[in-house]
Protein chains: 2
Amino acid sequence: MKDVAARAGVGLKTVSRVVNEEPGVTPDTVARVQAAIDALGFRRNDSARLLRTRRTASVGLVLEDLADPFYAPLSRAVEDVARANGALLFTGSSAEDPRREQELVLAFCARRVDGLIVVPAGDDHRYLIPEIEAGVATVFVDRPAGRIDADMVLTDNAGGTRDGVAHLIAHGHRRIGFIGDQPGIHTAAERLRGYREAMADAGLPIRPEWYSMGPTNPERVRAVLASLLSGPEPVTALFAGNNRVTVTAVRVLSHHPRPVALVGFDDFELADLLDPPVTVVAQDSPGLGRSAAQLLFRRLEGGADAAPERLELPARLIARGSGEIPPAP
Amino acid sequence: MKDVAARAGVGLKTVSRVVNEEPGVTPDTVARVQAAIDALGFRRNDSARLLRTRRTASVGLVLEDLADPFYAPLSRAVEDVARANGALLFTGSSAEDPRREQELVLAFCARRVDGLIVVPAGDDHRYLIPEIEAGVATVFVDRPAGRIDADMVLTDNAGGTRDGVAHLIAHGHRRIGFIGDQPGIHTAAERLRGYREAMADAGLPIRPEWYSMGPTNPERVRAVLASLLSGPEPVTALFAGNNRVTVTAVRVLSHHPRPVALVGFDDFELADLLDPPVTVVAQDSPGLGRSAAQLLFRRLEGGADAAPERLELPARLIARGSGEIPPAP
DNA sequence: CTGAAAGCGCTTACAG
DNA sequence: CTGAAAGCGCTTACAG
């Protein structure tokens with residue numbers, strides 16, 4: 001910029017005015033400065049600019065895994081809102097590791113992002129208190145913040161599961177299994193609660209061997225399913241606590257002698273093409289991202305003092321066939 | 001930092017030393033400075049730091065769509081390499097719009113990212129010449145750069161398609177259709193070339209009505225398929241030029257009276273669960289991201305002067321069933 | 001072992 | 001309409 005000023009024979013401030021299209025510069029001067037800019041290939045350094053203006057026009061997005069298809073539409077929705085607000089997006093994956101989440105978040109804060117959108121991996125976010133006090137707007141999404149009071153946008157996991165299980169009950173099932181993710185994960189616990197509530201609402205007992213929480217790798221899911229489907233009184237229907245469980249369940253059930261009804265939490269591509277097409281409880285993944293980002297920018301535009309909000313988006317039952325299979329006699 | 005120095009009764013430089021864990025500070029001084037840091041809740045501003053050190057430790061990733069499952073593993077691989085090199089990741093979607101691609105790229109450059117990984121939407125990247133000359137390492141991935149000589153990491157699209165079509169020919173097909181994406185997209189054109197080559201290698205003629213290039217929305221694909229499958233001599237097999245075409249083709253073919261063989265470019269989740277399971281030519285999506293990022297960081301570590309490289313990763317045929325259906329008599 | 005001065009590339013607040 | 005000075009929060013290069 002100094003070089004441009006020298007070449008155009010003007011002061012630094014005038015170059016700054018031209019670059020920022022501020023009014024009050026003679027067309028003649030503008031032309032001279034512009035010529036110098038072009039000749040020197042000058043490109044403003046936004047990092048320096050932002051150091052002075054104290055807004056970085058950037059937000060950090062931390063999610064569980066950039067490669068997880070569930071978070072892809074969420075990221076895209078966040079990006080769209082960020083772009084509409086003139087902000088750039090830092091992204092990173094926590095890989096479900098609280099330490100990595102914290103590292104990423106603090107790295108973003110050290111860059112002085114204006115705001116943060118976090119799918120939490122950990123359950124203690126007190127490390128964020130100094131940042132939030134320093135003015136970093138923060139919205140948690142998909143899972144609640146731990147041990148701090150903060151904005152969050154969640155899916156109604158319990159309600160969605162309740163609807164899904166009630167759907168199975170309405171189709172005549174009494175012995176319904178539930179396979180969920182690790183109980184420490186909030187969404188997993190909420191879904192289990194929904195299962196319990198739906199059964200209780202229908203006056204149905206739950207046997208302890210009907211539900212199981214833990215890692216959702218195919219091996220464990222297969223083992224659990226094998227036990228659910230064996231014995232004198234096997235379950236006649238299964239509620240799969242997430243995407244990965246559903247996929248393994250579909251594989252196993254397609255080779256099972258008796259038809260077993262299935263409802264899965266989370267929609268997935270081609271669910272309607274399988275045989276039978278898979279009934280799911282679908283989350284509004286772009287809606288989560290959009291709502292979180294909109295809330296974030298509202299905070300940034302002066303709504304910083306209002307009390308933290310907690311939004312809960314509904315999940316939607318999509319009946320496709322697998323959830324409408326009647327119990328085997 | 002000034003406040004910390006004042007409170008600890010030391011100079012700015014000493015605070016800087018403590019923060020950066022530089023040697024040559026008395027343990028006693030370190031303790032005093034650390035106490036001041038904690039008391040004041042000081043957090044170093046990396047943006048300011050980076051202004052001085054002239055490295056931002058960040059790279060920009062521009063892809064077609066953050067929400068596209070194909071790019072999710074690519075992004076994740078880039079992120080992993082970036083993290084291993086201590087860099088943060090800016091990401092953005094071009095939405096297949098060259099202007100948006102350029103906007104994003106230049107916005108990243110204005111933040112002075114150290115490097116850029118770009119899935120190009122446009123076919124003229126001369127706008128990047130000043131940036132590259134200014135030292136921004138740039139690697140194109142998935143599609144080649146337009147009108148500039150630059151590093152790129154691509155899939156062998158023509159070779160992969162050749163293998164896929166040859167596979168259909170080996171199973172007895174002679175009338176093979178091809179539905180591809182817009183001909184202006186490099187990967188689409190390359191795949192068409194592979195189709196032509198495989199047919200020519202086998203001495204088979206291609207009728208102009210057997211292949212069609214254009215938008216891959218379901219409506220168009222359905223219409224093209226309808227015409228390919230009608231008439232006195234319909235095709236007995238189809239090569240689908242990408243994921244979206246494959247999905248629509250699966251839907252249409254499942255309702256078609258005669259069995260039609262299908263091979264699709266790009267793998268997708270649950271392809272093995274469909275009926276019949278779908279034979280695909282799979283790209284190494286994480287490999288693309290990893291190779292591109294590794295090349296980028298090699299450039300950043302001093303390899304800036306070497307001639308641009310062009311890597312081509314193989315695509316792999318995965319036979320699952322749909323590609324092994326023999327021609328209807 | 002420690003610190004004052006200059007500078008990274010911009011903008012702010014002000015004066016002319 | 002224009003520009004010199006100070007400053008954003010750090011590091012570099014140097015001196016003591």
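Letters A, B, ... mirror the listed sequences (proteins, then strands); counts begin at 1.
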Base-pairing string, 5' to 3', of DNA chain C - Watson-Crick or wobble, under 3.5 Å, | interstrand: |||.||||||||.|||
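Each of B:Val30 and A:Lys2 has a nearest nucleotide on DNA chain C; the 5'-most of these lies closest to B:Val30.
Using a 4.5 Å heavy-atom threshold, the side chains of B:Leu313 and B:Gln283 count as separate. Counting only heavy atoms from C-beta outward, the side chains of A:Ile132 and A:Ile148 approach each other to under 4.5 Å. Looking at B:Thr187 and B:Thr155, their side chains never come closer than 4.5 Å, going by heavy atoms from C-beta outward.
Taking 4.0 Å as the cut-off between side-chain N and carboxylate O, B:Glu21 and B:Arg44 do not count as a salt-bridged pair. A salt bridge does not link B:Glu103 with B:Arg99: none of the charged nitrogens is closer than 4.0 Å to a carboxylate oxygen.
Evaluation of the side-chain hydrogen bond (donor to acceptor under 3.5 Å, both in side chains) rule for B:Asp80 yields B:Arg76 as partners, not counting sequence neighbours. Remark: B:Ser285 pairs with no residue by the side-chain hydrogen bond (donor to acceptor under 3.5 Å, both in side chains) rule, at least two apart or across chains.
In this structure a side-chain-to-backbone donor-acceptor pair under 3.5 Å is present from B:Ser93 to B:Leu66. Judged purely by atom type and a 3.5 angstrom limit, A:Asp124 uses its side chain to pair as donor or acceptor with the backbone of A:Arg126. Here the side chain of B:Glu101 pairs a donor or acceptor atom with the backbone of B:Gly122 at under 3.5 angstrom.
Contacts of residues 44-52 of chain A with DNA chain D (heavy atom under 4.0 Å): A:Leu51, A:Arg52. Scanning residues 10-22 of chain A for heavy-atom distances under 4.0 Å to DNA chain D yields A:Val10, A:Gly11, A:Lys13, A:Thr14, A:Arg17.
Within 6.0 Å of atom CG in A:Asp123, 12 or fewer heavy atoms from other residues, nucleotides or ligands are found, so the atom counts as exposed in its surroundings.
Separating the CG atom in B:Leu116 from the OG atom in B:Ser58 is a distance of 10.0 Å, to the nearest 0.5 Å.
Taking the 5' to 3' direction, DNA chain D first and last meets chain A under 4.0 angstrom from a heavy atom at D:dC1 to D:dG9.
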